[in-house]
Amino acid sequence: MIERDRILSALNPQQLEAVTAPDVPVLIVAGAGSGKTRVITRRVAFLIRDRGYRPWQIFAATFTNKAAAEMKRRVVQLLPHVPDNDLHIATFHSLCARILRREITALGFSSNFTIADERDQLSAIKHVMRELGISEKEVKPGYAQEVINQCKIRLLDPLRLGEYIESRYEEQLAAIYEAYEKYIHASSALDFEDLILMTVRLFTERADVLTRYQEKYLHVMVDEFQDINDSQFALVRLLTAAHHHLTVVGDEDQTIYSWRGADIRHILEFEKYYPERIVVRLEQNYRSTQTILNAANAVISHNTERFNKTLFTELPKGLPVLVLQAENDREEARAVAELALELSRRLGIAYSEMAIFYRTAALSRTYEEQLRSLNMPYRVVGGVRFYDRAEVKDMLAYLQVAQNPRNTLSLLRIINTPKRGLGDKTIGKLLGWARQRGTSLFDSIENAAKGGFLPAAATSAVAALVEKIRTWHADSTSKLPSELFAQIREDIGYDESLGDPEQMEVRSRLENLDELYNSIVAYERETPEATLASYLENVSLLSPVDEAKEGQDAITLMTLHMAKGLEFRCVFIVGCNEGLLPHARSVEEGHLEEERRLFYVGMTRAREVLVLSHCSHRTYYGEPRYDFPSPFLEEIPSPLVLHVDASRTNMARFVHDLSHGKREPPSESQRPNQQFYDATSRHELVSRQNLSPRSQRSSLVGKRVRHPLIGEGVVIESGGMGKERWYVVEGDDGSRVKFLARYAQFEVCE
DNA sequence: TCTGATTCTGCTTAT
DNA sequence: CAGAATCAGA
């Protein structure tokens with residue numbers, strides 16, 4: 001027997017089929033935990049070793065840099081002789097940025113474009129709205145931003161905006177879109193969507209360039225294919241048009257980016273564009289216990305927008321799913337922290353094997369507080385991002401300007417930071433000239449520096465700035481990015497401008513700048529030909545996941561969106577409340593099923609222990625508010641669930657019992673009546689009996705109530721969430737009245 | 001032009 | 001509650 005084949009061993013028949021599939025379009029439908037990453041990395045290795053592909057002939061797109069890094073690492077493990085840099089495995093955005101750096105001049109753009117992040121985009125939109133005289137009340141900048149991005153995803157230019165929205169704002173939005181495009185392109189910036197869009201345009205308009213890339217990339221792979229959007233799919237189709245060598249992996253139950261244009265349709269349409277495609281299904285789960293998997297299957301089966309697939313596992317039954325209930329959000333966080341502590345002590349689960357997932361990043365703070373008070377190590381992924389801090393963005397803006405002085409967006413950020421006497425009036429004048437002449441802001445300050453345009457004080461301030469920028473720009477190619485950083489920081493006296501270094505606030509800002517400096521040095525160390533341009537590109541495409549330091553024994557805190565693709569022995573999904581976990585805004589937009597998929601993604605990250613927590617009072621806008629449990633909780637069959645009341649449970653004792661098999665979900669007959677706080681009266685405990693799970697969800701429907709004004713009646717309907725929650729009560733005389741729950745003063749009759 | 005204080009407004013999710 | 005916008009006053 002020959003030595004076991006590292007690429008083809010330890011695969012089940014379906015996995016083997018997927019790895020070794022012929023060079024035709026292959027759609028791998030891979031359920032959660034079914035070995036998706038294993039299959040895709042081995043296929044890459046297989047193509048290189050057994051099919052004669054050179055590493056750089058494979059274009060493999062992922063959705064996060066983290067996933068790309070992991071994929072690369074595992075391919076290199078399989079093929080140790082392949083240098084890391086030869087593998088073109090990266091996010092769509094990075095791959096496109098790389099192509100555009102080389103080719104965008106063909107579209108008449110400068111190749112040293114900068115990448116505008118979301119905030120830059122928003123400030124650009126506000127800016128052009130001011131110039132167009134459209135007030136922020138007429139059109140909300142955030143809405144305009146959303147519309148612009150959606151158009152770009154759908155490959156619609158401003159003139160065809162009407163195909164995406166139809167409203168009386170249409171003209172204004174089209175005008176904003178057009179002005180925005182002119183503005184950011186004049187400052188030679190591209191936004192995130194442009195990276196994809198421009199690449200598609202390049203390939204569409206320049207057949208010669210497309211042919212070159214089709215000949216270069218002989219095989220295209222896409223991970224998390226269910227999250228691909230129109231423009232990305234268009235790109236994939238262009239690249240593979242000549243050879244159809246394509247492998248995609250996806251799971252429609254894990255589509256969670258439809259707000260970014262992801263559409264299940266693309267999996268369905270795969271067949272339309274690639275009729276000769278073969279499909280391989282991976283349905284065996286190797287990750288979760290039977291209990292967890294059954295719970296997840298039960299939840300996702302409530303969705304209608306899916307193929308029916310049921311995952312199975314051969315792993316043991318495991319512990320019940322724990323549903324933790326608390327009185328308020330702080331108590332919930334406290335209980336989660338205590339439970340995590342006990343699970344680590346008594347079940348030996350390392351903190352690095354635990355994760356806390358939440359729907360909105362804002363929830364992290366409460367959990368951080370509680371974890372800190374128990375002295376437990378944790379790491380927040382995302383949240384208030386390092387690269388979003390003002391001082392970090394300032395210094396990066398200086399570097400952007402040094403690299404490309406025509407970057408108006410960045411120049412605007414730093415033109416008066418630190419203060420150098422260039423106020424709104426002066427800046428307005430300078431911008432006005434720039435616009436009239438169709439040049440950049442830098443051109444107009446260069447002109448103003450010659451004198452005669454501005455008051456003397458402003459002229460000398462401007463001249464000094466121009467001089468500095470010229471020097472930095474000249475140094476930008478000869479000096480290392482870290483050297484330039486230090487020089488700029490010194491030249492402008494940034495540290496001093498922050499104020500008294502004895503202040504905590506100032507000290508932490510200085511520390512952040514030191515950390516930024518260190519990260520630049522680290523980048524230079526690991527990148528052989530580090531340039532300012534390559535560093536800035538790297539920074540702007542960095543996702544929060546990539547910032548987290550690996551390897552420490554700490555609990556991971558992150559949003560459900562970022563959890564995709566990861567796994568942990570123990571998972572807490574917190575804030576399982578109606579309005580938060582099916583997020584009210586998402587439900588309003590008709591995305592209940594997507595919220596359920598999000599919940600499903602979270603559940604299926606757990607290998608052994610799954611804890612779902614909720615609370616009855618949550619603080620919003622500083623006010624405590626009654627919240628219902630998430631309806632998703634009721635979709636888990638009760639024999640799989642063990643309810644835990646945070647206020648009445650000693651966690652140490654509980655986990656002890658749990659680990660000795662003494663805690664089991666109660667059978668139907670011995671389950672105590674659920675008790676809950678009713679929305680109508682925050683302090684009155686209402687006992688609820690004989691209610692089916694369905695009516696529990698809508699709480700009061702079907703109940704008799706008494707109201708001081710209308711007397712007795714029956715609740716016949718309810719809707720809305722949180723503050724907006726309402727009930728319709730039908731009086732005994734047949735009249736109907738609608739109440740907002742937070743104002744309704746009725747009592748429930750038993 | 002800059003500052004600090006006060007009022008206003010609004011929490012998804014992220015490359 | 002917290003960040004943004006706005007305003008008074010130097």
Side-chain angles (χ1 to χ4, degrees), chain A residues 61-68 90-97 115-119 121-123 126 135-137 140-142 145-146 149 152-153 190-197 224 227-229 231-232 255-262 329 357-366 381-385 387-388 390 416-428 455 457-458 461 499 537 539-546 558-564 575 579-589 591 594-595 597-598 601-602 618-625 722-723:
Chain A
T62 62
F63 283 79
T64 64
N65 293 303
K66 168 116 173 163
T91 60
F92 272 107
H93 297 267
S94 310
L95 290 165
C96 286
I115 299 168
D117 70 14
E118 208 182 338
R119 275 162 102 126
Q121 192 183 29
L122 193 64
S123 65
K126 285 181 179 171
S135 82
E136 299 194 0
K137 287 205 179 98
K140 285 190 187 159
Q145 182 178 34
E146 163 105 27
N149 286 334
K152 290 191 173 190
I153 286 168
L190 298 182
D191 61 35
F192 281 130
E193 297 310 333
D194 279 338
L195 294 175
I196 316 286
L197 181 65
E224 308 283 9
D227 279 330
I228 202 166
N229 64 32
S231 56
Q232 289 160 341
T255 305
I256 55 175
Y257 285 106
S258 68
W259 47 277
R260 249 174 66 187
D329 41 6
F357 302 150
Y358 32 76
R359 176 64 233 264
T360 67
L363 254 64
S364 76
R365 231 194 63 214
T366 322
V381 179
V384 186
R385 294 191 223 161
Y387 292 101
D388 275 352
N416 199 32
T417 309
K419 303 269 184 284
R420 45 174 79 89
L422 299 172
D424 288 346
K425 223 171 106 200
T426 310
I427 295 169
E537 179 165 316
V539 166
S540 47
L541 293 176
L542 215 55
S543 75
V545 177
D546 311 310
M558 67 172 98
T559 63
L560 282 162
H561 280 87
M562 297 203 280
K564 193 162 64 167
L580 231 201
L581 191 31
H583 198 280
R585 275 202 41 195
S586 186
V587 174
E588 273 166 32
E589 287 162 22
H591 296 308
E594 174 140 321
E595 295 291 305
R597 289 192 290 268
L598 201 46
V601 166
R618 188 174 293 284
T619 311
Y620 289 88
Y621 300 101
E623 283 277 302
R625 184 184 89 177
K723 270 188 186 168

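Chain letters run A, B, ... following the sequence lines, proteins first, then strands; residues in each count from 1.
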Can you tell me if the side-chain N/O atoms of [X] get under 4.0 Å from OP1 or OP2 in [N]?
{"X": "A:Thr426", "N": "B:dT1", "answer": "yes"}
{"X": "A:Lys126", "N": "C:dA5", "answer": "yes"}
{"X": "A:Arg420", "N": "B:dT1", "answer": "no"}
{"X": "A:Asn416", "N": "B:dC2", "answer": "yes"}

(request) List for me each residue that meets side chain to side chain donor-acceptor pair (under 3.5 Å) alongside A:Thr366, sequence neighbours excluded, and say none if there are none. (result)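 For A:Thr366, no residue satisfies side chain to side chain donor-acceptor pair (under 3.5 Å) once neighbours in sequence are set aside.
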d([atom1], [X]; [atom2], [N]) in whole Å:
{"X": "A:Glu589", "N": "B:dT13", "atom1": "CD", "atom2": "C1'", "value": "11 Å"}
{"X": "A:Phe357", "N": "B:dA14", "atom1": "CZ", "atom2": "C1'", "value": "16 Å"}
{"X": "A:Ile256", "N": "B:dT13", "atom1": "CD1", "atom2": "P", "value": "13 Å"}

(request) Specify the residue among A:Lys419 and A:Thr559 whose closest nucleotide of DNA chain B lies further upstream toward the 5′ end. (result) A:Lys419
(message) If stacking means aromatic ring centre less than 5.5 angstrom from the base's six-membered ring centre, planes under 30°, is A:Phe92 stacked on B:dT15?
(response)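 Here A:Phe92 fails the 5.5 Å or the 30° condition.
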(message) Using atom C1' in both nucleotides, what's the gap between C:dA4 and B:dT13 to the nearest angstrom?
(response)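 It comes out at 22 Å once rounded to the nearest Å.
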(request) Would you mind telling me which of C:dC1, B:dT13, C:dA5 lies closest to the side-chain atoms of A:Arg365? (result)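 Nearest nucleotide to the side chain: C:dC1.
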